[in-house]
Structures are given as structure tokens and as C-alpha cells.
Amino acid sequence: MILSYFTPYLFLAAAWAKILYAGVNESGGEFGVFGTPGTGLPGRFGVNYAFINKSTVDIFVDQEKINFFRVTFLMERMCPLEFGLGSKFNETYFDEYADAVNYITLQKEAYALIDPHNYMRYNDPSSQPFSGSVIGNTTDPTAATTRQFEEFWNELARRFVHNPRVVFGINNEPHDMPTQLVLENNQAAINGIRAAGAQQLILAPGNGFTGGHAWTQVTGNGDEPSSDFLNMLHDPARNTAIDVHEYLDIDFSGGHDECTQPAPSNLANLTTWLQENHLKAVISEFGGGNNQNCFDFINEMLTYLAANDEYIGWSIWAAGPIWGTSSPCCGADTGSLEPGMLNDLGQPNAFSTLWPAAVRPNIPKDLKRSGISSLL
């Protein structure tokens with residue numbers, strides 16, 4: 001698929017600063033597959049993987065007043081290897097996932113970002129983020145094609161076409177692949193979603209783990225900057241934003257408990273690019289450790305997003321029903337953001353420490369509460 005005929009397409013944008021979506025990642029649907037290829041596929045619901053605890057979604061919506069959940073799943077479970085990537089689904093897994101999405105959107109009237117947590121790869125999630133064949137890699141005979149990716153998204157969008165509170169996240173953190181291919185796969189997903197009749201908001205990732213700090217930089221093994229390609233996306237519904245991740249530790253990985261990378265300076269080039277291309281962005285993944293240093297850095301970042309009209313939302317990593325005492329990011333002792341859990345030391349987890357210190361004060365009072373997911 002050659003995209004050289006595309007010219008930059010300007011998506012409809014609001015003219016004022018407005019955070020519409022604020023919330024948390026719900027991680028767990030991608031669990032239970034690490035190790036030998038094939039481990040945990042399809043897996044057991046509630047044992048190897050799970051999506052949400054409904055009781056803690058209640059806490060986030062009713063008490064914390066957030067309106068946005070990014071809910072992870074695994075494409076190898078949704079589209080088992082014996083079927084291949086495409087329109088044939090594991091109906092049991094889909095029903096379990098749809099139950100979580102529908103609880104968030106229909107019962108709690110919040111917005112749910114659908115997250116295929118696959119790094120734009122398919123067929124072997126055993127060593128994510130590096131295992132699996134890059135979707136659309138025509139030199140790899142085992143790789144799913146860009147056309148199959150479009151068929152997958154067409155079918156998934158068809159199943160949620162009448163749910164206005166869904167947001168379609170094309171894929172988690174593409175990396176180490178030609179940036180032109182990221183564009184082609186993103187465009188195929190948009191085409192598939194819109195062909196299904198779905199008009200909801202789409203989030204399109206860039207290359208280099210879709211890092212905001214690296215948006216205008218070469219990444220991977222010489223992969224061209226996301227900024228050179230992502231302004232070429234075309235959405236007939238004019239309802240696509242850029243999906244960005246931004247961790248604040250020394251190497252932007254989220255693996256360290258200290259924050260050293262200030263978001264305002266590291267996002268400055270991305271912000272300028274968004275301005276120049278009349279685009280919007282959502283920071284759908286970020287995090288920090290349980291210390292005052294990170295509390296300050298997260299507060300600084302969320303203040304920056306609220307002050308710049310290019311950003312319409314954010315969600316912090318991560319809550320989820322089966323993290324237990326493990327830490328999703330940002331130091332071994334931080335713990336998850338799942339209410340009611342402890343960290344590995346038996347102490348309060350990030351929901352009791354980081355959340356009230358750095359997240360709760362930055363939740364806008366006037367979040368979007370009704371209507372189809374959109375840029376406005």
C-alpha cells in the first residue's frame with residue numbers, strides 16, 4: 001500500500017484549551033502469555049487475564065469523578081492464531097472484553113479507549129514488546145498483512161458502532177519498524193473503522209513507542225520521525241487524534257522510581273508540530289513513582305497539558321484486577337493504581353499515595369460527560 005498520494009489532512013480542532021478525557025489504564029487483558037511461545041493462549045479468564053473490577057471502576061467514576069478508561073486486550077486472544085488476524089474472533093474472549101467496555105460506557109456512562117496491546121505486532125506475544133511479526137512486513141512470510149489489520153478493525157468497529165462512548169486506539173506502542181508502515185497500518189485501521197459506519201474518536205500512534213519526547217526524532221534503527229508521516233493521515237469523519245505516551249524517568253521507560261525528564265520541555269516539539277498541523281493529542285500512558293519528586297513532575301505535566309489546547313486527554317498507567325502487589329511501572333515498591341490493593345511491601349499502593357498527591361488535584365471538573373467520543 002503506497003501512501004505517497006496523500007497530502008496532509010487537517011482534522012477538525014477546537015480553538016481553546018480543554019481536557020475532555022481524564023482517567024486511568026485498566027491493564028490485565030494482555031497478561032499470562034510470557035515465556036514459551038503459545039503460553040497462556042487462549043488462557044483462562046480470571047486466572048491468566050482479566051479486564052476490570054467493576055467495583056473499582058465504580059470508585060473511579062463515582063468518587064474520583066474520572067470519565068476515561070483505557071482497557072487492554074491481546075490480539076492473539078481476540079483473533080486466535082488458528083484463525084489469523086482478521087474478522088474471525090474468539091467469541092468468548094470478545095464477550096468478556098465487551099462486558100468490561102459496556103460496563104464502563106453503558107452502566108457508568110464513562111468513555112472506554114479500546115487498546116490492542118500488541119506493539120503493532122501479531123503472532124507471538126511471549127516476549128512483548130519485541131516478539132511477534134510486524135504487521136504489514138512484506139519480507140516476513142509469517143506476518144499479518146496491512147489488509148488483515150484493516151479487516152480486524154472493520155469487524156471490531158462494527159461490533160461497537162452503536163456505542164458512542166467507545167474510543168478506538170489503533171495499537172499500543174509501535175516501534176522498530178519503518179515509520180511509513182506505521183502510517184500505512186494506521187490508515188488501514190481508520191479506513192476499516194469508518195467503513196463499518198463508526199464515527200467515534202480514533203487515536204493513532206506514532207513510531208518509537210509513540211513517545212512524545214521522540215516525536216520529531218529518528219528512533220529505533222534509523223526509523224524516520226513520526227512527525228514526518230503522521231500528518232498524512234486522512235479521516236473522512238475528521239475525528240482522529242494522535243496517541244502519545246510519555247514517561248518521566250531517565251530513559252522514558254517507566255521502569256525507574258525517580259522522575260528526571262520534565263514533560264514541558266520534552267513535549268515542546270510535539271506541541272509545536274500539533275499546532276502547525278492543527279491536530280490534537282491524548283497522552284494515553286504515563287506514570288511515576290511513589291515519591292515527592294514524581295508527584296511534582298506529574299503535576300507539572302498535567303498542568304502543561306491543561307494549558308495547551310493541543311491536548312484533549314490523559315490516562316495514567318495502571319490499575320487492573322490482577323496486578324496484586326506488583327508494580328505496573330515506576331519502581332518495584334510503588335504498586336498499582338487498583339483501589340484496595342497494597343504494594344510488595346504490604347504498604348499502601350499508588351492509588352493511596354501517588355493518585356491523591358498528583359492525579360486527583362488535576363482531574364478537571366468539566367470533563368466530557370455525554371455525547372459521542374470526539375475532539376470537541
Side-chain angles (χ1 to χ4, degrees), residues 11 19-30 50-52 56-57 60-61 64 66-75 78 94 96-120 152-153 156-157 159-161 163-174 186 189-190 192-193 196 198-206 209-210 212 235 237 239-246 280-287 305 311-321 328 337 359 363-364 367-376:
F11 299 116
I19 297 296
L20 302 175
Y21 310 99
V24 68
N25 283 258
E26 291 283 345
S27 170
E30 78 280 28
F51 299 110
I52 62 170
T56 54
V57 170
F60 278 123
V61 175
E64 301 301 321
I66 67 171
N67 72 335
F68 191 58
F69 296 83
R70 180 174 181 246
V71 189
T72 65
F73 72 90
L74 195 65
M75 289 198 296
M78 194 70 78
F94 173 78
E96 293 160 350
Y97 186 72
D99 181 64
V101 170
N102 290 338
Y103 186 79
I104 290 167
T105 57
L106 304 181
Q107 297 297 314
K108 304 307 295 183
E109 298 184 333
Y111 291 85
L113 171 55
I114 291 177
D115 172 34
H117 210 77
N118 274 78
Y119 305 88
M120 212 162 266
F152 162 76
W153 265 112
L156 190 58
R159 295 179 181 223
F160 288 107
V161 67
N163 188 333
R165 294 176 181 273
V166 160
V167 180
F168 300 116
I170 291 175
N171 224 254
N172 176 66
E173 294 188 353
N186 280 345
I190 293 171
I193 292 166
Q199 300 297 303
Q200 298 98 315
L201 179 63
I202 299 172
L203 299 188
F209 297 91
T210 204
D235 177 7
N239 197 20
T240 292
I242 300 299
D243 192 1
V244 176
H245 291 179
E246 190 67 13
K280 299 293 186 180
V282 171
I283 309 292
S284 70
E285 191 175 316
F286 67 94
L305 300 184
Y311 300 96
I312 61 171
W314 49 261
S315 55
I316 189 169
W317 187 265
L337 286 161
V359 180
I363 299 171
L367 294 171
K368 184 178 176 71
R369 300 292 179 182
S370 62
I372 191 171
S373 61
S374 67
L375 298 167
L376 302 174

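Atoms considered below: every heavy atom in the structure, side chains included; atoms not considered: hydrogens, waters and symmetry mates. Positions are given from 1 along the sequence.
- Inter-residue side-chain proximity for Trp153 and Ile190 is flagged as unmet; no heavy-atom pair is nearer than 4.5 Å.
- Summarising the geometry of Pro321 relative to Glu26, their closest heavy-atom pair is CD-OE1, 4.3 Å, with the distance given to 0.1 Å.
- Separating the CD1 atom in Ile202 from the CD1 atom in Ile193 is a distance of 4.0 Å, to the nearest 0.5 Å.
- Take Tyr103 and apply the ring pair (Phe, Tyr, Trp, His ring centres under 6.0 Å) test, not counting sequence neighbours, and it matches no residue.
- Side-chain N/O atoms of Asp243 and Ser284 include a donor and acceptor closer than 3.5 Å.
- From His245, atom NE2 reaches atom CG of Asn172 across 5.5 Å, with rounding to the nearest 0.5 Å.
- With values rounded to the nearest 0.5 angstrom, Phe160 atom CZ is found 6.0 Å from Asn102 atom CG.
- Closest non-hydrogen pair, Asn239 versus Ser374, comes out as OD1-CA, 3.2 Å.
- In terms of modelled atom types and a separation under 3.5 Å, the side chain of Glu96 and the main chain of Phe94 share no donor-acceptor contact.
- Taking 4.5 Å as the limit, every side-chain heavy atom of Arg165 sits out of range of all side-chain heavy atoms of Ile104.
- The shortest side-chain heavy-atom distance between Ile363 and Trp314 falls under the 4.5 Å cut-off.
- Applying the side chain to side chain donor-acceptor pair (under 3.5 Å) criterion to Ser373, with sequence neighbours excluded, gives no partner residue.
- Not counting sequence neighbours, Gln199 has no partner by the side chain to side chain donor-acceptor pair (under 3.5 Å) test.
- Of the possible donor and acceptor atoms, none in the side chain of Tyr111 sits under 3.5 Å from a partner among the backbone N and O of Arg70.
- Using modelled atom types, no side-chain atom of Thr72 and backbone atom of Asp115 make a donor-acceptor pair closer than 3.5 Å.
- Residues Ala112 and Thr105 share a closest heavy-atom pair of CB-CG2, 3.7 Å.
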Verdict with reasoning, Val57 to Gln107, per side-chain contact (heavy atoms from CB on, under 4.5 Å): CA-CA 10 Å; Val57 170; Gln107 297 297 314; over 6 Å; no
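- To the nearest 0.5 Å, atom CG of residue Leu20 and atom CG of residue Leu375 are 8.5 Å apart.
- Asn118 pairs by the side chain to side chain donor-acceptor pair (under 3.5 Å) definition with Glu76, not counting sequence neighbours.
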Would Ile52 and Phe69 count as a side-chain contact (heavy atoms from CB on, under 4.5 Å) here? Give the steps. CA-CA 10 Å; Ile52 62 170; Phe69 296 83; over 6 Å; no
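- In this structure, the side chains of Met120 and Asn186 come closer than 4.5 Å at one or more pairs of heavy atoms.
- Atom CZ in Phe152 sits 11.0 Å away from atom CD1 in Ile170 (nearest 0.5 Å).
- One distance of note links CG of Asn67 with NZ of Lys368; it measures 9.5 Å at 0.5 Å rounding.
- Side-chain contact between Ile114 and Tyr97 is present, with at least one heavy-atom pair separated by less than 4.5 Å.
- Taking each heavy atom of Ala319 and Phe60 in turn, the nearest pair found is CB-CE1, 4.0 Å.
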side-chain contact (heavy atoms from CB on, under 4.5 Å) between Phe73 and Leu156, intermediate numbers included: CA-CA 12 Å; Phe73 72 90; Leu156 190 58; 3.9 Å; yes
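- Applying the side chain to side chain donor-acceptor pair (under 3.5 Å) rule to Glu246 yields the partners His213; only residues at least two apart in sequence or on another chain are considered.
- No side-chain heavy atom of Tyr119 sits under 4.5 Å from any side-chain heavy atom of Pro174.
- By the salt bridge (Lys or Arg N to Asp or Glu O under 4.0 Å) test, Arg159 is found to be paired with Glu91, Glu155, residues two or more places apart in sequence or in another chain being considered.
- When Val167, Leu367, Ile19 are each tested for a side-chain contact (heavy atoms from CB on, under 4.5 Å) with Phe68, only one passes: Val167.
- Between Gly169 and Pro116, the shortest heavy-atom distance links the atoms O-CD, 3.0 Å.
- The two residues Phe168 and Ala198 make their nearest non-hydrogen contact at CE1-CB, 3.8 Å.
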